[in-house]
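Everything below concerns the one structure shown next.
Just follow the structure's listing: the first ligand is 1, and inside any ligand the first atom is 1.
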Amino acid sequence: MTYNPSRRLFLGGSLAASAAGATGIITPAGLAAQPMKTPQIMYGPTPGIAKLNANENPYGPSDMALKAIAEASRSGGAYYAYRAGMYLRDMLAESNGLKPENVSITAGSSLILAFAAFAATSKGKILGPDLFWDTTSKAPISQGGPEIVRVPNTADLDIDLDALYNAIDDEIAMVHVCNPNNPTGKLLDPKKLREFCIKASKKTMVLVDEAYNELIEDGPKHSMIPLINEGHNIIVARTFSKIYGLAGMRVGYMLGSEENMAFINKFGLGGYSINQAGLAAAIASYNDEAFKDFSRQKVKEGRDIILDAVKANGLTALPSTTNFVFVNLGDDGDANAFRQAMEQQDVLIRGQYRTYQQWSRVSTGRIEDVKKYAAAMPKALEQMYKLKA
Ligand SMILES: Cc1ncc(COP(=O)(O)O)c(C=O)c1O
């Protein structure tokens, strides 16, 4: 049979999604449940669709990253990316005051986070809040691993650090905290988180997922990376998928003690997952302060438009510090019905999380797309009540 790429590309969304399920391809959380409109194009979102469902930065890759991608693909695409991987590893180690052995790079942080989850569940259970980005810590469950031990969030949907600490027993092999948290967008008090990490890490390994750290104001003040240097049993995950606008280029990393990194790396072949183009983009973007400032500005603009629309429609939202907003649709709200109603107006957002039926997450995205969300809101709310009735 001759190779016919167009046939594969134009497979319908639901067929593609079920094929992905059948082959075990991991799709970003919630996206498989949202069929893409046909005809599909090869790379980015379908033109005319406001894609606000996966917290990407659509203003990336930066110009410098694009140049590096072209150069790396031209001169290195034929070769394994070993040298570029070592270069980025050294760069990340040096900028965080760590050694190369403290850094592990994979194709997106999901992979190394999943390795950490498999490593932890080989010893015991994972402890986390009721509401957090749990995709990777849930991964071992499909292999017969234990369910996540969950602690309720506070009434304000914050992570309850005291309750988490009190829930650590001999069975817990890892505590998973995401800061800022996804989907709430809320940030923990850095002093309290630091105290928690120090205390909790005496009992078990503590994972802090800082995927959105660079998007917040004063990111370094909120990072737990210095605790690794101080010798605490803490691992921190970071990604190039968010502020750097490289979600499709797949580069993420984890920092931790040499022992923790060696233990976690045993559960995957991270080095073989990295690619020249992604590494080149990451290396070119890491210190691109102008692009990061520009991206933070766009996120703020987008967030203000969302918050104004929320208010104008008589709703409220959690005070987000990052590139998505968790909107309270009210007591009669239904995040899945709202998502469906938004999709009818070509706006893609997230559906319901766990039991949180009235909460709906929307990413900041392109300003014109956020404006489309704001304009679609009154009709989508009306539609949501109809769908629910
Ligand atoms: C909190 C958090 N961590 C990690 C990830 C995974 O990102 P990636 O695998 O693209 O690095 C995401 C994706 O949305 C996320 O929200």
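- Among all protein heavy atoms, the one lying closest to atom 13 (C) of ligand 1 is Lys242 NZ, 3.3 Å.
- The side chain to side chain donor-acceptor pair (under 3.5 Å) with Asp134 is formed by just one residue from the set His176, Arg150, Arg354; it is Arg150.
- The protein atom (non-hydrogen) at minimum distance from atom 7 (O) of ligand 1 is Ser109 OG, 3.6 Å.
- Here is the list of ligand 1 atoms found below 4.0 Å of a heavy atom in Gly108: 9 (O), 11 (O).
- The protein non-hydrogen atom at the shortest distance from atom 3 (N) of ligand 1 is Asp209 OD2, 2.6 Å.
- Side-chain contact check for Asn275 and Arg250: no donor-acceptor pair (N or O, by modelled atom type) lies under 3.5 Å.
- Under a 4.0 Å N-O distance rule, the pair Arg74/Glu71 qualifies as a salt bridge.
- In terms of N/O distances under 3.5 Å, ligand 1 is approached by Thr239.
- Classification of Asp369 and Lys372 as a salt-bridged pair fails, no side-chain N sitting under 4.0 Å from a carboxylate O.
- Remark: Lys203 qualifies as a cation-pi partner of Tyr165 under the 6.0 Å distance and 45° angle criteria applied to the six-membered ring.
- Aromatic rings from Tyr356 and Phe326 are positioned such that their centres are separated by 6.0 Å or more.
- Ligand 1 has Ser241 within reach: a non-hydrogen atom of the residue lies less than 4.0 Å from it.
- Taking a cut-off of under 4.0 Å to the non-hydrogen atoms of Arg250, the atoms of ligand 1 that pass are 8 (P), 9 (O), 10 (O).
- Side-chain contact check for Leu187 versus Asn179: some heavy-atom pair is nearer than 4.5 Å.
- The ligand atoms of ligand 1 that sit less than 4.0 angstrom from a heavy atom of Cys178 are 1 (C).
- No salt bridge links Lys379 with Glu382; every basic N to acidic carboxylate O contact stays at or beyond 4.0 Å.
- The closest protein non-hydrogen atom to atom 4 (C) of ligand 1 is Trp133 CZ3, 3.3 Å.
- Counting heavy atoms closer than 4.0 Å to ligand 1, residue Phe240 contributes nothing at all.
- Of the protein's heavy atoms, Ser110 OG, 2.4 Å lies nearest to atom 9 (O) of ligand 1.
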